[in-house]
Protein chains: 2
Amino acid sequence: MLADKKKITIAIVDDHPIVLEGLQKVLMQAYDYVSTICFNTGGEFLNFIKQSGTGTGIVLIDINLPDINGIELCRQVKTLSPGTCVLAFSNHNERSTIMKMLQNGASGYLLKNSSADEVVACINEALDGQIALSREAKEIMAKPSARDWQELPALTKREKEILKHVADGKTSAAIAAQLHVSPLTVETHRRNLMQKFNVKSMTAAVKVAMENGLL
Amino acid sequence: MLADKKKITIAIVDDHPIVLEGLQKVLMQAYDYVSTICFNTGGEFLNFIKQSGTGTGIVLIDINLPDINGIELCRQVKTLSPGTCVLAFSNHNERSTIMKMLQNGASGYLLKNSSADEVVACINEALDGQIALSREAKEIMAKPSARDWQELPALTKREKEILKHVADGKTSAAIAAQLHVSPLTVETHRRNLMQKFNVKSMTAAVKVAMENGLL
DNA sequence: TGAAAAATACCGGAAAACCAGTAGCTATAA
DNA sequence: TTATAGCTACTGGTTTTCCGGTATTTTTCA
């Protein structure tokens, strides 16, 4: 994998000097010409984007940053500059964290314990326009933890239906009219939903449902 | 990739007979011993799992099924049998669809226009405990469409804070107490949030926010 | 075919959310 | 140094949700 050398430009956002040094060294060994631009905080990098208007490019972002967290940073980067390719570089090894990062526009995820070869391979994948997950990240994504499902309440068909309408902002009366049932019935379903999700409002119920892909 | 032959068992859920035939042929060429079990509807497959209690194994699921949609089927399969490895096999090429599938526990996603080699490669990856995305799926995941971000309302720090609390089911009074502001202020933020998201209730606002990774 | 689960429906009352409009005070960026 | 954006706060009123308890009718499945 070290064979195909070329010229690349890459930004790194991480508050650990050692990590910055290490990455730079690895990259210099792997490519003929590397120019790295390092930042210690998310704010610095956002300013850089605003100023220089860097349309495209690759950036490695640590998830634990002093000012803002990497997930939020990722979304802001993508908002300001959708062409920028964001790779997460983190210790977090939970499936949900990887999912969130991808949902917010990241093109890849590298665990910090990845080998040098793996890092280079991922960057090459990213340059090639593919999603770049390190080996361990791929394995984490492949096996969602069992408990993620067994503890969730089982909703009936009608409850799911009402939940969807509630999440669309409809009132009980409106839902009742649409489904040709009494508003009081809809209210009953609402209460059952809140009880099943163990929450105090439908707003919270919608959040939990969304978190678990029920909506 | 056709070199490493071995014995595999695989289930396929698809209502197109041609697809079932095609997949079986490809698999038989790629592996020494293949046993395929085919189903035309989601319900049939769920019954099979309930009966036989198949703890593990690989299943290819089409997203467009006559009875239930593949995303919902995936979550039900994972609920009944978390050890089962689900690969989506579909024509849908939207990033959001792939994300939803992964969020509901799928271990991979194959576009239906994938080559035979690609299908086999993905199944091998899945057998190896990795996430399996076909080439095109990887590319789709790598580049989230630009418009996904530019049309979203920009929330202020305070608004995000209130949104989080609302999504947790807290009342305006409770939030106000916690943030040391007037309940009336919280109400104002609520209204601004609804206006920005262009929805009629906070419930709907939470849904939109969740859909876009803002929570 | 019988038990369990689901869907339907009601009452009365308290709490909270939503609506429309206004406005001062503060930090920040052009 | 002005705009501008964001945070704060108010009045007064309407609508909706949420809570408690109960109960009949379908549907489903063992």
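Side chains included, hydrogens not; waters and symmetry mates left out as well; all remaining heavy atoms used. Lettering of chains follows the sequences in order, A, B, ..., and the numbering in each one begins at 1. Small disclaimer: the values here were computed from a predicted structure and weren't measured.
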Checklist entry - Within this structure, what is the NZ-to-C1' distance between B:Lys160 and D:dC7, rounded to whole angstrom? => result 15 Å
Checklist entry - Can B:Glu72 and B:Arg75 be counted as an ion pair, charged N to O under 4.0 angstrom? => result no
Checklist entry - On DNA chain C, which is the earliest and which the latest nucleotide, 5' to 3', with an atom closer than 4.0 Å to a heavy atom of chain A? => result C:dA6 to C:dC10
Checklist entry - Rounded to whole angstroms, how far apart are NE2 on A:His165 and C1' on D:dT16? => result 18 Å
Next on the checklist: One pair to check against side chain to side chain donor-acceptor pair (under 3.5 Å): B:Thr79 and B:Gln76. What are the steps and the verdict?
Outcome noted: CA-CA 5 Å; B:Thr79 306; B:Gln76 289 197 35; over 6 Å; no
Checklist entry - At what angle, to 10 degrees, do the two end axes of the helix from C:dT1-D:dA30 to C:dA30-D:dT1 meet, given five pairs define each axis? => result 80°
Checklist entry - Should the heavy atoms of other residues, nucleotides or ligands under 6.0 Å from NZ of A:Lys100 be counted, would the total exceed 12? => result no
Next on the checklist: What is the separation between atom CG on B:Leu184 and atom P on D:dG12, rounded to the nearest whole Å?
Outcome noted: 12 Å
Next on the checklist: Whether B:Glu187 and B:Arg190 form a salt bridge (side-chain N of Lys/Arg under 4.0 Å from carboxylate O of Asp/Glu) is what I want to check.
Outcome noted: no
Item to check | Length of the NZ-C1' vector between B:Lys157 and D:dT8, whole Å | outcome: 17 Å
Next on the checklist: Using a strict heavy-atom distance below 4.0 Å, which residues from residues 187-207 of chain B are in contact with DNA chain D?
Outcome noted: B:Thr188, B:His189, B:Arg191
Next on the checklist: Apply side-chain contact (heavy atoms from CB on, under 4.5 Å) to residues B:Lys160 and B:Leu214 and explain how you reach the verdict.
Outcome noted: CA-CA 8 Å; B:Lys160 274 183 223 162; B:Leu214 288 173; 5.6 Å; no
Next on the checklist: Need to verify one output field. Residue with the more 5' nearest nucleotide on DNA chain D, A:Ser172 or B:Leu179?
Outcome noted: B:Leu179
Checklist entry - Do NZ/NE/NH1/NH2 and the carboxylate oxygens of A:Asp14 and A:Lys112 come within less than 4.0 Å? => result yes
Checklist entry - Going through the checks in order, is the side-chain contact (heavy atoms from CB on, under 4.5 Å) test met by A:Asp62 and A:Val19? => result CA-CA 10 Å; A:Asp62 184 18; A:Val19 174; over 6 Å; no
Checklist entry - When you look at A:Asn93 and A:Tyr109, which way does the side chain to side chain donor-acceptor pair (under 3.5 Å) test go after all the steps? => result CA-CA 10 Å; A:Asn93 60 354; A:Tyr109 199 102; over 6 Å; no
Checklist entry - OP1 or OP2 of D:dA9 less than 4.0 angstrom from a side-chain nitrogen or oxygen of B:Thr185, does that happen here? => result yes
Next on the checklist: Can you tell me which residue among A:Leu46, A:Asn47, A:Thr41 is in a side chain to side chain contact (heavy atoms under 4.5 Å, CB included) with A:Glu44?
Outcome noted: A:Thr41
Checklist entry - Does the pair A:Glu159/A:Lys164 count as a salt bridge with the N-to-O cut at 4.0 Å? => result no
Next on the checklist: Within the 3.5 Å criterion, strictly below it, is a donor on B:His16 or B:Asn40 matched to an acceptor on the partner's side chain?
Outcome noted: no
